[in-house]
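Encoded as structure tokens, the structure appears first; notes follow it.
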Number of protein chains: 4
Amino acid sequence: MSFNTFGKLFRFTTWGESHGPAIGCVVDGCPPNIPLSENDIMIDMNRRRPGKSKFTSQRKESDQVKILSGVFMGKTTGTPISMIIYNEDAKSRDYETIKNKFRPGHADYTYFLKYGIRDYRGGGRQSARETASRVAAGAVARVVLKNLIGKNFKIVGAVTQLGLLGCNKNSWNEKEIRKNSFFCPDKKSVKLWEKYLIAVRKAGSSCGAIIELRASGVPAGLGAPIYAKLDSDIANALMSINAVKGVNIGAGMSAAFLSGEENSDEIKGISGKAKFKSNNAGGILGGISSGQEIIASFAVKPTSSILNSRDTINKKGKNTKISVKGRHDPCVGIRAVPIGEAMLSCVILDHYLLK
Amino acid sequence: MSFNTFGKLFRFTTWGESHGPAIGCVVDGCPPNIPLSENDIMIDMNRRRPGKSKFTSQRKESDQVKILSGVFMGKTTGTPISMIIYNEDAKSRDYETIKNKFRPGHADYTYFLKYGIRDYRGGGRQSARETASRVAAGAVARVVLKNLIGKNFKIVGAVTQLGLLGCNKNSWNEKEIRKNSFFCPDKKSVKLWEKYLIAVRKAGSSCGAIIELRASGVPAGLGAPIYAKLDSDIANALMSINAVKGVNIGAGMSAAFLSGEENSDEIKGISGKAKFKSNNAGGILGGISSGQEIIASFAVKPTSSILNSRDTINKKGKNTKISVKGRHDPCVGIRAVPIGEAMLSCVILDHYLLK
Amino acid sequence: MSFNTFGKLFRFTTWGESHGPAIGCVVDGCPPNIPLSENDIMIDMNRRRPGKSKFTSQRKESDQVKILSGVFMGKTTGTPISMIIYNEDAKSRDYETIKNKFRPGHADYTYFLKYGIRDYRGGGRQSARETASRVAAGAVARVVLKNLIGKNFKIVGAVTQLGLLGCNKNSWNEKEIRKNSFFCPDKKSVKLWEKYLIAVRKAGSSCGAIIELRASGVPAGLGAPIYAKLDSDIANALMSINAVKGVNIGAGMSAAFLSGEENSDEIKGISGKAKFKSNNAGGILGGISSGQEIIASFAVKPTSSILNSRDTINKKGKNTKISVKGRHDPCVGIRAVPIGEAMLSCVILDHYLLK
Amino acid sequence: MSFNTFGKLFRFTTWGESHGPAIGCVVDGCPPNIPLSENDIMIDMNRRRPGKSKFTSQRKESDQVKILSGVFMGKTTGTPISMIIYNEDAKSRDYETIKNKFRPGHADYTYFLKYGIRDYRGGGRQSARETASRVAAGAVARVVLKNLIGKNFKIVGAVTQLGLLGCNKNSWNEKEIRKNSFFCPDKKSVKLWEKYLIAVRKAGSSCGAIIELRASGVPAGLGAPIYAKLDSDIANALMSINAVKGVNIGAGMSAAFLSGEENSDEIKGISGKAKFKSNNAGGILGGISSGQEIIASFAVKPTSSILNSRDTINKKGKNTKISVKGRHDPCVGIRAVPIGEAMLSCVILDHYLLK
């Protein structure tokens, strides 16, 4: 069976294959009377769009979103918002060579096992192209959250680790994130990352990345123990993004190495309001937001489509070799930044509506 | 709002507070005609039970599970299985001192913000005592999986990192895991861990842990793209366990540091069957099981209840100090092993039924 | 597969068999800080309880509800409310004779086909005993609704047709409903119904009933187009009650016989507020409550357990005869009144929380 | 909140407004490898399509369905099937006069109360135009069921009551249903119905209808007690159709008037197989299919849009009059036949997949 819907009250359903006529999503549960336009959505779409720099896939897509329903005279009506994005640069001929082979690291093999049929063109449904629909849904969530919570609400993501190269998170600079091609928050790392990624690409290889998301202005009290915790829903959301293999909340995996004193964030009352001295919890205690900044990070594995030759088998189980030519991102993790922001926006809005 | 149900087709709902009369769960969607007894469930319950060794909470609970429905003449009937566990050693007087203070690192503050009321006795609903109900549900799932898949199916968990001390995962030994008090898979580390944990406890402190889960014999083809992936459901399940802050699938966060060649597991056809040369994917590609061993790990933060004094506020927002006396585990991560196994069992069975 | 949970945000899960040790339910999603006691719940339980009059089943059950969780110091905490009802008068020996035969009109045959196993004692899970758990959950919903909406909120049900005998709905009298053994709203019909039911029972037969539910004080705007309409959710809720075969909203099936002018309720503005001239809609337009009284009715088929001999087959497919001795209601529809009220209360609260 | 998704494993989400650019649906959970084309879907679409005869709405829509995803080389792939239907004959100017008035019997008033905004053009989302999307989804379900179950599976619906005129159900003739404009199963009634409907239309009025659905070839054992019963899911599905006010399963509301002997269908074993002597149960016992024909019927209220003047209020609560000109069906119940079939197909497939 197949589940292509995400969310509880704010729900979106995505559809479409990499090389079909179009992809899209239906957003259901959006509150009414929120001003919303296609331009609002294009802000996020443009940040994920391929073909923007030499460091991402060279597929040329305008990724223009068309709203087909749910908005009347510039405002949401509370009915489903259907959005469509036409595929403009789907070159199906490129993929004929891999029609019968399973690309290592891709879902070719498991989709075939599960369904007995697969649209092999560009990865079909398993392609990261699906994430464009998520970004469109997330853009709606972001607009709604800004409208309901106010301008204090903000979600910002950045790449904090590009393959073997980290950056100085203390130099986190939001303007810088918007400027460079890597969503890098630390100006000093940009040049180095550029050289590194060029080298990776030239070597016909690829690299992974770690993305950190920060959401500020999130009200306290969001979340739902025991099995729809804010953090477990975030883990679910981020792990559902293509190629993600790990998710941390606050201190994350590192929490294992801390002592009880180091880890648990002490509280100070300042004019009757709680202020935490640290944020190892990542803004979530017992599955409920504390009012602190929500911090989540996730790791994206290196792009599996690489030029270098790899061992694999074909549909008949015979041994063969494969090298995947094409216009792939050397680091799919980079474009995961707006996707992560989108998923986090949707989870937060969902819990905001559940409150 | 509150969500206390987990799962899609195999669903369980837990209920109960740490110091109420009882806790329990209702398992719905269990296939019929599976032999099931209370003894089957006690095998897992006993592994999680407090008071077993000097390294865990000294609360004395027999954790005896009573099945109230859904089993007839020793077999499941397909109707809901209600299980109840009476609280026998709930000492409510111990908690009077913390009635009006928020323990740092605990959910006291956020529960109070969200609900405006909380059963403060022993942490009430937010207590890890709730996990006993999960283990009972997971034990049912494990019995069903063994029955449906056969003896090849196995889920084993172990602590691979105890605070600052790791162990040699190459010496992973299942018999050893069952023998020592730490679910440690490497015999050589046991003595050292023992000394370390005694020191941590004497210091009035606590430490975190990393748990690794391995599921073998899981059929290929389980999972459901795009938003009910096997891995995103596992992330959701493990992150929902109290005190968990990070979840990895296969290489996990480390995948960020690998090259495309290192990461993507090559395939060899051996008499027509796919054999993977490595398992960075943790047995899951595109959200679908590949037939390889499923490997997931998660980090548990150090126990937040510590003897050492910490800054906090009371319900009125006034500054105060707190030190939590009592019978707490110095490392709650240890008892998370059977809980993690239980959650993974439930996710795998759920997807097995969805197939 | 089996689904024993009802509701979206206000959810309850029931469990238990007719002749097991106990039955019960877990109510999840109940708002916090609502005063709630076992006595509150017993008000409704006592109305459904068997053995009260000579016109219902002679099974003697106190149906005492015990709350095991979710209530602290007399108030709900927002965590799951687990309730248990012990089976006190389960006489399993009575049912040995029907162990291998399928009772016509009962679910014996279909349960056996579906599950290949069934707890035949008293109908097991398929027994109307399950409805006691629904009434407990509905009683919680009713308390919450009164608390949130205020005293204007009221749900009253009555039997308006007992087998072949109707009553005068224009004489609808709530006090009368509470007085007689039939939930009959029209005093003049009571004597006649009594004679009729005695005759039916003496004949070893049974009869059906129609129950009408009226909910007043329900705010306008509840409901959710297109597939979680208030009316479709009510239809689902009422049709899920054992032995129900038809559900009407407002004019119901009779709407087919009206003209457009007769049917559509005209609106008058009285000091700016909408007043409807009639209520064929039953208080629901386009799946959303209009603020009018919500009116739903449902038909309960005659009790299938009758003394008179019937043709059936046994587990081996052989022809045989069956006559069901025991303590059955001559009209199960009578006790369906509090069950219908309970289900309607749950649906209305669910949509109130969804608003 | 708004819920526009129907189903558990076979799920569809509809979107779109009467006078927006398009409407459509996304079908999720469709099994893979089923041959499916747009032509397959058009068979059912053409049966619901307006403008076909002088007895239905004169809106001219080709209702051509375009499949955008989920089908590859003529077969379903297990991924979401997105279908789009462009609105071709939306004359928005027609509706300017009713922009600020609430049409009695329509959802204008309740939508406005709930959302504070509504797309008033042609009823917007509340328009029966939405049902075209349901028919597309139902057509997919029907194709899948035929493929999985075989040619024995069949769902046929008919109008059995047109306003005040019934028909002879003993003369039920499927060929006849396909021939006349009323889905009337009894040839002798057609002429009379024609005269009647012409008179109703000339009078500027409208009439209701009762539709009966019969599904044969449905395997025994489908359904899920207690709260996802086959019959309660059918009630939910049919009551969710615009203008439906009552739903019956088998004997339905009439079951109230039967005795236990008359109602409960006796069983005869014929060469080891169960044969029922009657079908008052409508093929469902205890929420589970028995293998008999499944019979459900539902009442559709008379079209609320009528030429004759009615009392109502405007958005400001002022009294006014309204008469709805336009191209409305004199009996919306007629076109409800393929819609009912579609919903029933979806419910049956859903339970078939859940089995």
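What you see is a predicted model, and the numbers here were worked out from it, not measured in a lab.
Heavy-atom pairs under 4.5 Å with chain B peak, among Glu130(A), Lys8(A), Gln126(A), at Glu130(A). Contacts with chain B were tallied for Ala274(A), Gly250(A), Cys331(A); Ala274(A) has the most, counting heavy-atom pairs under 4.5 Å. No other option in Asp231(A), Ile306(A), Val247(A) has as many heavy-atom pairs under 4.5 Å with chain B as Val247(A). Chain B forms more heavy-atom pairs under 4.5 Å with one residue of Ala220(A), Ser304(A), Ala237(A), Ala281(A) than with any other, namely Ala281(A).
For the pair Tyr111(B)/Pro225(A), a side-chain contact is recorded, criterion being any heavy-atom separation below 4.5 Å from C-beta on. Side-chain contact between Lys229(A) and Asn242(B): present, with at least one pair of heavy atoms (C-beta onward) separated by less than 4.5 Å. Residues Phe298(B) and Met253(A) are not in side-chain contact: their nearest non-hydrogen atoms beyond the backbone lie 4.5 Å or more apart. Between Phe3(B) and Ile226(A) there is no side-chain heavy-atom pair separated by less than 4.5 Å.
Within a 6.0 Å radius of NZ in Lys318(B), no more than 12 heavy atoms belonging to other residues, nucleotides or ligands are found. Dense packing is recorded around NZ of Lys321(A), with more than 12 heavy atoms of other residues, nucleotides or ligands lying under 6.0 Å away.
Residue Asn314(B) does not touch chain A at all, counting heavy-atom pairs closer than 4.5 Å. Contact of His106(B) with chain A is made through the backbone alone, with heavy-atom distances under 4.5 Å. Residue contact with chain A, scored on non-hydrogen atoms closer than 4.5 Å, involves the backbone of Thr5(B) exclusively. For a residue to count as touching a neighbouring chain, one of its non-hydrogen atoms must lie under 4.5 Å from one of that chain's; by this rule Ala209(B) touches chain A with the backbone only. Heavy atoms of Ser289(B) lying under 4.5 Å from chain A belong exclusively to its backbone. Contacts between Ile241(B) and chain A at a heavy-atom distance below 4.5 Å involve the backbone alone (N, CA, C, O). For Tyr109(B), the part lying under 4.5 angstrom from a heavy atom of chain A is the side chain only. Both the backbone and the side chain of Thr312(B) come within contact range of chain A, with heavy atoms under 4.5 Å apart. Interface remark: Asp265(B) contributes backbone atoms only to the contact with chain A (heavy atom separation under 4.5 Å). With a threshold of 4.5 angstrom between heavy atoms, Arg103(B) does not approach chain A through any atom at all. In this structure, chain A has heavy atoms under 4.5 Å from both the backbone and the side chain of Lys268(B). For Ile210(B), the parts sitting under 4.5 Å from any heavy atom of chain A are the backbone and the side chain alike.
Atom CG of Asn263(B) sits about 7.5 Å away from atom NZ of Lys245(A), to the nearest 0.5 Å. Between the OG atom in Ser290(A) and the CZ atom in Phe102(B) there is a gap of 12.5 Å [rounded to 0.5 Å]. Rounded to the nearest 0.5 Å, atoms NZ (Lys114(B)) and CG (Leu222(A)) are 6.5 Å apart. The line from CG of Leu238(B) to CG of Asn236(A) is 11.5 Å long, rounded to the nearest 0.5 Å. In this structure, the separation between CG on Leu258(B) and SG on Cys207(A) is 11.0 Å, given to the nearest 0.5 Å. How far CG of Asp233(A) is from CE of Met239(B): 11.0 Å, rounded to the nearest 0.5 Å.
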Problem set entry | Steps toward side chain to side chain contact (heavy atoms under 4.5 Å, CB included) verdict (Leu113(A), Ile288(B)) | CA-CA 9 Å; Leu113(A) 275 182; Ile288(B) 302 170; over 6 Å; no
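Judged by distance alone, the side chains of Ser205(A) and Glu261(B) do bring a donor and an acceptor atom under 3.5 Å apart. No hydrogens or angles considered: a donor-acceptor pair under 3.5 Å links the side chains of Arg134(A) and Tyr227(B).
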